[in-house]
Amino acid sequence: MAYENYRYKRKAAQCSACPLDGGCKVWGLSGIQKPQVVLLGEAPGEVEDAQGEPFVGPAGKWLRKAVKYTDLPYYSLHKTNVISCRPPGNNIESTEGWEAKEHCRPGLLQELKDVGAKVIVPLGAHATHALGIEGSISKVRGSIYPLKWTDGKLHPVEEGSYDVLAVPTFHPSFIMRGQIKQESTWINDLIKAFELVTKKYKPPRENFKLFPTASEIVETLNWLAKEKKRIGVDIEATSLIAHRAELIVTGIAWSGEDAISIPHISQYGRQLWKPSDEKKINAALRKVLKVCPTVFQNALYDTRVLEARGFPVRNVEHDILLLDHAINPELPHGLGQIVSRYGNTPFWKDAVVGNASRMIDMDPRTLRLYNARDAVVLLQCLDPMLKDLKKFASPTVYHDISIGLIPPCQEMMNNGLPISKSRLQKFRSDVQAQVEAVDKQIHEEFELPATFNLSSGAHIRWLLYGIEPPNFKKKKQQLAEYTAPGSNKKTNTKAYRKLLGDIEAIRQTQPLIYVVKPAKTESGQSAIDKQQMMRLTVALNNRLNEIENLKRRTKKHEDEKRRLYKLQRFIELFHQYQDRSKVLSTYTSYEIGPDGRVHFPYKIHGTYTGRLASGDKKKLGVGNAQNIPYEARKLFKAQKGWKFLQADYSNLELRVLAYVSEDDVLLKAFADYDAGHGDKPHAVNAKNLFNIDESHPDWKSRYNLAKRYIFGRNYGGSLRGIYEKIMQEDPTLTLTFNQFKEIDRRYRSLHPQYDKWYNETVSTVKKTRKLTNAFGRVRYFQGQENEIVREGLNFPIQSVAADVMNYALIELYHKVYKRDDCLLMGMVHDSVLLEVREDALSDIAPIVRTALERTFDIFGHKVSFPIDIEVGDDWYNVEEWTG
DNA sequence: CAAATACGCGCG
DNA sequence: AAAGCGCGCGTATTTG
C-alpha cells in the first residue's frame with residue numbers, strides 16, 4: 001500500500017548545545033497525517049542513524065512483528081525517540097546520552113504536542129521516565145497513565161481531566177535480547193494501549209470504605225451474606241506462616257469498584273473495637289465466608305490463615321492466581337502482572353510496606369487502600385479471565401484440577417510430616433563431621449592454604465585448570481589499595497579478609513592441570529560439575545593406560561603418572577565433599593512446627609506442566625518436600641502406633657507415553673507385564689533392540705542402554721546428547737555413535753506409532769507454539785525453536801502423568817480427610833505419603849489403591865495406572881505392603 | 001548491604 | 001551453534 005510519510009523535525013531542540021550535535025538526524029515519522037498513537041523509543045541505533053528513520057534496525061523488526069497482533073497498522077503509528085541522534089556506543093546512559101536527553105526534551109515535548117495523538121506508548125524505562133512516570137518499567141508497564149499538559153510540560157494526573165494517555169511497556173530490544181518470555185506480555189500491552197484509541201477510557205472508580213464504624217461493617221457484611229454476593233477477599237497478616245499469623249485487615253470487595261476494610265487488630269496501640277462490637281463483626285464475617293462464593297488471589301495461603309484464626313472459608317469459587325496459571329502457565333502470575341492484563345487499576349503494589357519494615361507498622365490508610373485494591377482487582381479481572389480461559393485454555397482443568405487441588409494441598413500442608421528431633425540432631429552432627437573430615441583431608445593431601453575454599457568455583461577452577469578468576473587482576477589492585485602507604489582503608493573488615501583469602505588461595509595453590517578441554521557453562525565458564533569430573537576421569541584413565549602401554553617410559557612419564565593419580569584422587573575426594581556439603585547445607589535443618597511436624601508448602605501454580613511444586617523457604621521458612629535425599633528420609637518417623645504408607649505409580653511416565661503415542665509395542669509390553677506373563681517393558685525393549693536375552697553376558701549393560709535411550713528420547717534429547725550421556729555413565733561400554741544411530745533407527749522402525757507421534761508433536765509445537773494434553777491442559781511455548789521442541793516433546797507426557805496424580809490426589813483426599821486414623825501428608829510427583837494408624841492399615845491400603853488406580857479416559861482408552869504400596873516406620877524404611 | 005545472577009545438585 | 005524435561009535451595013559472586 002502506498003502512503004505518504006509524515007516526518008517531524010524537532011524545531012525546539014537545543015542542538016547547538018548538544019554534545020551529539022547530529023542536527024536532529026532521525027526524525028519522527030508516521031504514515032498518516034493524524035496518527036492516534038505515538039511509539040516512543042529511546043535513541044536511534046546504527047541502522048536508524050544510517051537511514052535517518054526510527055525503528056528500522058533489528059529492534060524495529062521485533063516491533064513490527066508485535067504490532068501485527070494489534071488492531072492498528074504499523075504505518076499508522078507515529079514513531080519517534082527520546083533523543084534524535086545516536087549516542088556513542090548506542091548507549092543512552094553515556095554522559096553524552098544524558099546531556100542529549102536534556103537538550104532534546106523541549107523538542108520531544110513539542111513534538112508530542114504537535115502530533116496530538118490520543119495515546120503514547122513509551123518503550124522502555126528512559127521513554128517512560130521522559131513522560132514523568134516514575135518507577136521501574138517492569139512494574140509500571142501495562143498500566144494506563146492519564147497525562148496532562150501544564151506550562152508546556154507533560155505529567156501524570158491522579159484524577160480529573162487529562163489530555164493524553166500513556167501505556168508504558170518494554171523496549172523491543174529488551175525482548176530481543178533474551179527476555180523472550182516477556183514477549184506475550186509485551187504484545188498484550190501494545191494491544192491494550194492501541195485499544196484506547198477507540199475504547200473509552202474508564203478511570204478506575206474506588207468506592208472504598210476504609211474506616212467504617214462497627215455497625216457499618218456488620219450492616220455491609222449482613223447484606224452481602226443475605227444476597228449471597230460473590231466477593232473478592234484479600235487479607236493482610238502479621239506473618240505468612242499460618243499458625244503465627246495475626247489478621248491485620250481483611251478487604252472485601254463486591255464489585256470491581258466497591259470494597260470495605262475490616263480491621264482486626266489495632267495498629268499504633270489504639271484499642272480498635274469494643275469487645276461486644278468485635279464479637280458482632282467476627283460473627284458477621286464468619287457468616288459471609290460461610291455462605292458467599294469467594295474469589296481469592298492464592299486461596300491456598302489466605303484461607304489457611306483465615307481458618308487458623310477461626311474464619312473457615314466454605315466456598316472458594318475462584319482463584320485468580322490459578323486462573324492465570326490455567327490460561328497460560330508460562331506467564332508471570334504476580335497480581336500486578338495479572339491486573340496489567342485484565343484489570344484497570346494502575347500499578348499500586350509500590351505502596352506496600354513503604355518505609356515501614358513490617359506490614360503492621362504501615363500507615364493504616366495506605367495499608368487499607370492497598371488491601372482494598374487487592375480485593376477489587378480480583379473482581380475486575382475475573383470475567384475477562386474466564387473468557388480467556390474458555391477461549392484459550394480449559395475450564396475443566398481449571399475448575400476440576402486447579403481449584404480441586406486446594407483442599408488436598410491444604411490438608412498436606414496442615415498435616416505435615418512428623419520428624420524425629422533426636423535423629424535429626426545425630427544426622428546433622430554426623431554429616432557435619434563428614435564434611436569437616438573430607439575438607440581437612442583435601443587440604444592436607446593437596447597442601448592447600450587454609451583460605452582455599454572448596455565451595456568456591458573460582459578456587460576450584462584455578463586448582464583444576466589453572467584458570468584465574470576473571471576479576472583476579474582487579475582484586476589484586478584492590479588489595480594493593482588497602483596496603484598502600486597512607487591508605488585509610490581498614491584491613492580488618494570482612495571484605496578485606498575475603499579479598500586476601502581469594503588471592504592467597506590462588507597464589508599458594510599449585511594447579512593440577514590436565515589438559516582436557518573443559519565443557520563450558522551457559523555463561524562460558526569452565527564446568528566443574530559431576531559430569532565434567534567424569535569426563536576428566538575418563539580422559540586421565542585413558543592417558544594412564546597409554547603410558548602403561550608405552551614400550552619405554554621416561555622420568556617425564558613417571559612424573560605425569562604421579563600428577564594423573566593426584567588428579568584422580570582429588571576428583572574422588574572433591575566428589576565426596578560436594579555430596580556431603582550439599583546434604584549438610586540443604587537437608588539437615590527443618591522448620592519444625594509446634595506439633596513436632598514439618599509443614600512443607602505446596603504450590604498448585606508452580607509448574608508449566610501441572611505438577612505440584614513444593615517449598616517456599618524465603619517466605620515461609622519451609623523448604624521442598626519433593627527433593628529430600630533418601631538418607632534424610634530416615635528423619636521422618638511415624639508417631640507411636642502409626643506407620644508411613646507410601647503409594648507409588650509404577651513407570652507412570654512410560655505408561656503415559658505408551659497411551660499418548662498409542663505405541664502398540666509398548667502397550668502390549670505393559671499389558672503382558674501387568675497380566676503377569678511378560679518381561680518388564682524396558683527388558684522387552686532391550687530384547688527387541690539387541691536380539692539378546694538375560695543369559696547374554698552383556699545383558700545388564702544392554703538393558704541399561706535401552707532404558708537410558710528411552711529416557712533421553714522422552715525428554716527430547718538429541719541423539720548426540722543421549723549418546724554422550726550414556727557413554728559418560730558407563731565408560732566401559734563399547735559403542736560408536738554410528739552404532740548408536742543404528743539402534744535409534746531400529747527403535748523407530750519397531751515403534752512406528754511412537755515415531756509418528758514424535759514427528760507430529762515436533763511439527764505442531766513449531767507451527768502453533770501450543771500443545772494441549774490428553775486432559776485439555778494447555779501450554780503456550782515461548783522461546784527459541786530448538787528449546788521449545790524439547791519442552792514440547794516432554795509436555796504431553798509429564799503433564800498427563802501430573803494430571804493422573806492430580807485427579808487421584810483429589811479423589812483420595814475426599815475419601816480420607818474426615819478419618820481420624822489416617823493423614824494425607826505429602827506427595828512427590830508419582831507417589832503419595834500417608835500416616836496411618838497401625839490397626840487401620842488394612843482399611844486404608846485398599847482405599848488408597850482404589851483412588852489412585854481409578855480409570856481415566858486417554859484418547860479413547862479406558863486406562864488405569866497400577867501402584868505399589870509400601871509401609872514402614874519411617875519414610876526410608878518402607879517395604880512392600882502385603883497385608 | 002540487599003537483591004540478582006550463576007552454578008551445581010537434590011528429587012521426580 | 002547446540003543444548004534431555006520439570007522443580008527449589010545453598011553458596012559464591014556480582015550488581016545496584
Side-chain angles (χ1 to χ4, degrees), chain A residues 136 329-330 453-461 469-471 474-475 493-495 498-499 501-502 519-533 574-575 577-589 600-603 605-633 648-649 651-653 657 708-726 779 781 783-799 801-802 805 826-831:
Chain A
S136 78
E330 291 201 15
N453 182 356
L454 290 167
S455 296
S456 160
H459 294 189
I460 297 292
R461 270 178 204 102
N471 59 358
K474 205 171 112 195
K475 281 192 176 172
T493 59
K494 231 179 173 176
K498 172 90 180 73
L499 204 56
D502 280 344
K520 294 282 190 270
T521 67
E522 198 165 319
S523 73
Q525 299 226 63
S526 299
I528 53 164
D529 60 352
K530 257 192 205 164
Q531 204 182 338
Q532 174 63 19
M533 296 300 147
F574 182 58
H575 178 66
Y577 175 83
Q578 299 255 69
D579 175 63
R580 292 297 82 196
S581 61
K582 174 72 178 171
V583 172
L584 177 66
S585 62
T586 315
Y587 303 108
T588 58
S589 96
F600 292 106
Y602 287 89
K603 277 200 278 277
H605 67 282
T607 70
Y608 297 158
T609 58
R611 277 185 174 186
L612 295 183
S614 172
D616 203 343
K617 192 82 188 194
K618 243 175 151 173
K619 267 159 61 184
L620 302 182
V622 191
N624 186 347
Q626 303 192 129
N627 70 346
I628 295 180
Y630 282 98
E631 60 181 312
R633 294 186 182 190
D648 297 64
Y649 281 110
N651 275 316
L652 182 56
E653 288 204 357
L657 174 64
R708 289 203 191 95
Y709 164 76
I710 300 290
F711 190 54
R713 290 228 103 205
N714 192 1
Y715 293 146
S718 68
L719 279 192
R720 171 63 72 172
I722 301 169
Y723 172 71
E724 284 188 355
K725 205 121 195 165
I726 288 173
R779 174 167 171 188
F781 295 84
Q784 293 177 45
E785 198 169 81
N786 46 25
E787 191 179 36
I788 68 174
V789 162
R790 297 195 309 272
E791 294 164 353
L793 283 166
N794 175 251
F795 175 76
I797 315 300
Q798 189 184 116
S799 69
M805 178 51 105
M827 67 91 74
V828 190
H829 308 308
D830 65 356
S831 72

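So that the names make sense, note that chain A is the first sequence line, chain B the second, and so on, each numbered from 1.
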On the nucleotide [N], are OP1 or OP2 found under 4.0 Å from the side-chain N or O atoms that [X] carries?
X	N	result
A:Lys603	C:dG8	yes
A:Thr521	B:dC7	yes
A:Ser456	C:dT11	no
A:Gln578	B:dC9	yes
A:Arg790	C:dA2	no
A:Lys530	B:dG10	yes
A:Arg611	C:dG8	no
A:Ser585	C:dC9	no
A:Tyr630	B:dG12	yes
A:Asn453	C:dA12	yes

For A:Ile628, does its backbone N or O pair with a side-chain atom of A:Arg633 as donor and acceptor, under 3.5 Å? yes
Ignoring hydrogens and geometry, is there a side-chain-to-backbone donor-acceptor pair from A:Tyr649 to A:Met805 under 3.5 Å?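 No, A:Tyr649 side chain to A:Met805 backbone: no donor-acceptor pair under 3.5 Å.
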So if I take every side-chain heavy atom of A:Thr607 and compare against C:dA2, C:dC5, C:dG6, which nucleotide ends up nearest?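 Minimum distance to the A:Thr607 side chain belongs to C:dG6.
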Considering only side-chain heavy atoms of A:Tyr587, which listed nucleotide, C:dG10, B:dG10, C:dT11, is closest?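 Out of C:dG10, B:dG10, C:dT11, the nucleotide with an atom closest to A:Tyr587's side chain is B:dG10.
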Basic-acidic side-chain contact under 4.0 Å: A:Arg611, A:Glu653: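 Between A:Glu653 and A:Arg611 there is a salt bridge, with a charged N closer than 4.0 Å to a carboxylate O.
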Rounded distance in Å - [atom1] ([X]) to [atom2] ([N]):
X	N	atom1	atom2	answer
A:Asn794	C:dG6	CG	C1'	7 Å
A:Arg720	C:dG4	CZ	C1'	16 Å
A:Asp830	C:dG6	CG	P	18 Å
A:Glu653	C:dG4	CD	C1'	12 Å
A:Met827	B:dC11	CE	C1'	13 Å

Classify A:Ser799 by what it touches in the nucleic acid, base, sugar-phosphate, or nothing, heavy-atom distance under 4.0 Å.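 Touches nothing.
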Counting the atoms with a prime plus P, OP1 and OP2 as sugar-phosphate, which does A:Asn714 contact under 4.0 Å by heavy atoms, base, sugar-phosphate, or nothing?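 Since no nucleic acid heavy atom lies under 4.0 Å of A:Asn714, the category is nothing.
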Nucleotide pairing, DNA chain C (Watson-Crick or G-U, distances under 3.5 Å), in dot-bracket with [ ] and |: ....||||||||||||
Has the side chain of [X] got a donor or acceptor that lies under 3.5 Å from a partner of the other kind on the base of [N]?
X	N	answer
A:Gln626	C:dC7	no
A:Asn624	C:dG8	no
A:Arg713	C:dG4	no
A:Lys582	B:dC9	yes

Would you call the rings of A:Tyr715 and A:Phe711 parallel, tilted or perpendicular, taking 30° and 60° as the class edges?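 Taking A:Phe711 first and then A:Tyr715, their aromatic rings stand perpendicular (interplane angle over 60°).
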